[in-house]
Protein chains: 2
Amino acid sequence: MKSELEVFREYVRQRGLRWTQERKLILQKIFEIHEHFDVDSLHWLLKQNGVKVSKASIYRALPLFIDCGLVREVDFSDGHWHYEHIYGHKHHNHMKCLGCGEVREFEEPILAQVDQRLTQEYGYSVVFHQLEVRGYCPACQKAGEETRAR
Amino acid sequence: MKSELEVFREYVRQRGLRWTQERKLILQKIFEIHEHFDVDSLHWLLKQNGVKVSKASIYRALPLFIDCGLVREVDFSDGHWHYEHIYGHKHHNHMKCLGCGEVREFEEPILAQVDQRLTQEYGYSVVFHQLEVRGYCPACQKAGEETRAR
DNA sequence: TTTATTATAGCAATTTAATCTCAATAAATA
DNA sequence: TATTTATTGAGATTAAATTGCTATAATAAA
């Protein structure tokens, strides 16, 4: 399997774009982070590592990473975008707790059937889907019960 | 079944909030719109109807409507929130075409199973879920093929 | 290897959605 | 009807994201 850097290098070449140090450094960092991130935290992390890259460059690089399937946007309903690297990972969905805000990932094989049905029934060609679930984790349910009991 | 106005009136009473003309007018308009809307379009529509309500009031009212289950946020990945009234409607999901941007709604009974599994397997209590699908509608697929053939 | 071309980086300015401040107002209730 | 206080509207403010511009660096051509 090609590395994420190779995938991006190829993508960039095909489009007459350029393989720059900044893009390489940003992409490397993204694949070192094994959690979700946003532009701010990514910028801060790079800075911590002595890598000087402007936020503007991050904002300009992300759509490219997304376009070639290395990264995706994640909606945590908190006013700005979050991201995660997806290349080399199984598709998964997110469940965010409305109490503590913790995000848990889960796989859901059944969703492949949904994509299939959309193709068969409506003639859509599905590129991707995203299931976001909101609710309460076990700990927050418990905490809620105790609060109510008082 | 209670009307949306009654539901909101009750919600407002229970919380010591106030049943204002502005909130009534906004809510009525939202239930007249049988499509998705955003703050701008809702504000514009009200204006067209001679209803003077500020955007600030719309921004302040929406979280209340959402909290009592009359309205929900919809993510169309275009930089700002969209909304739709849901009270009295079946739960549905959205498929947005990456070509023309058209949004199509579809029902997906299978998703109830997903919620159930999250409860059984992880102990989560699911409040709501949202499946967003992206792809290409039949028309855009055809247009794409023709373009490529040239 | 050197030169020419042009996409990209960085910075600051700008845009836009959304939130907040505050004085005036209107809804609830005593 | 008077009193209390949540809500309104207008504009200021915040924060995320985008853009304009010049210098720079990546690539192609010589």
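Chain letters run A, B, ... following the sequence lines, proteins first, then strands; residues in each count from 1.
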**Prompt:** Rounding to a whole Å, what distance do you find between B/Arg23:CZ and D/dG9:P?
**Reply:** 11 Å
**Message:** What's B/Arg60 touching, base or sugar-phosphate or nothing? Going by heavy atoms closer than 4.0 Å.
**Reply:** base
**Message:** Here's a test for you: under ring-ring contact (aromatic ring centres under 6.0 Å, His included), which of A/Phe37, A/Phe31, A/Phe8 qualifies with A/His85?
**Reply:** A/Phe31
**Message:** Rounding to an integer number of Å, can you tell me how far B/Ile26 CD1 sits from D/dT8 C1'?
**Reply:** 10 Å
**Asked** Within this structure, what is the CG-to-P distance between A/Asp78 and C/dA17, rounded to whole angstrom?
**Response** 18 Å
**Prompt:** For A/His43 and D/dA15, what is the distance between atoms NE2 and C1' respectively, to the nearest whole Å?
**Reply:** 15 Å
**Message:** Check this one for me: any side-chain N or O of A/Tyr59 less than 4.0 Å away from OP1 or OP2 of D/dT18?
**Reply:** no
**Asked** Quick check, are the ring centers of B/His80 and B/His82 under 6.0 angstrom apart?
**Response** yes
**Asked** Does a side-chain N or O from B/Ser54 land closer than 4.0 Å to OP1 or OP2 of D/dT8, or not?
**Response** no
**Prompt:** Ion pair present between A/Arg104 and A/Glu102, side-chain N to carboxylate O less than 4.0 angstrom?
**Reply:** no
Pairwise N/O distances under 3.5 Å, protein to nucleotides 26-28 of chain D:
from	atom 1	to	atom 2	distance (Å)
D/dA26	N3	A/Arg18	NH1	3.2
D/dT27	OP1	A/Trp19	N	3.0

**Prompt:** What integer distance in Å separates B/Arg15:CZ from D/dT5:C1'?
**Reply:** 19 Å
**Request:** Check the surroundings of atom CD in B/Glu6: do more than 12 heavy atoms from other residues, nucleotides or ligands lie under 6.0 Å from it?
**Result:** yes
**Request:** Nearest whole angstrom, please: distance from the P of D/dT18 to the CG of A/Leu64.
**Result:** 12 Å
**Request:** Report yes if the distance between the aromatic ring centroids of A/His94 and A/Phe76 is under 6.0 Å, otherwise no.
**Result:** yes
**Complete:** Here the distance between atom C1' of D/dA16 and atom CH2 of A/Trp44, to the nearest Å, is 20 Å
**Request:** Determine whether the side chains of B/Tyr11 and B/Asp67 contain a donor N or O and an acceptor N or O closer than 3.5 Å.
**Result:** yes
**Complete:** note: B/Lys55, atom NZ; C/dT16, atom P; distance rounded to Å ~ 11 Å
**Prompt:** What closest approach, in Å, do B/Gln130 and B/His92 show between heavy atoms, and which atom pair accounts for it?
**Reply:** OE1-O, 4.1 Å
**Request:** Looking only at side-chain atoms of A/Ala56, point me to the closest of D/dA16, C/dA18, C/dA12.
**Result:** C/dA12
**Item:** Earlier contact from the 5' end, DNA chain D, for B/Gly16 and B/Val53
**Value:** B/Gly16
**Request:** Pick base, sugar-phosphate or nothing for A/Lys52, based on heavy-atom distances below 4.0 Å to the nucleic acid.
**Result:** sugar-phosphate
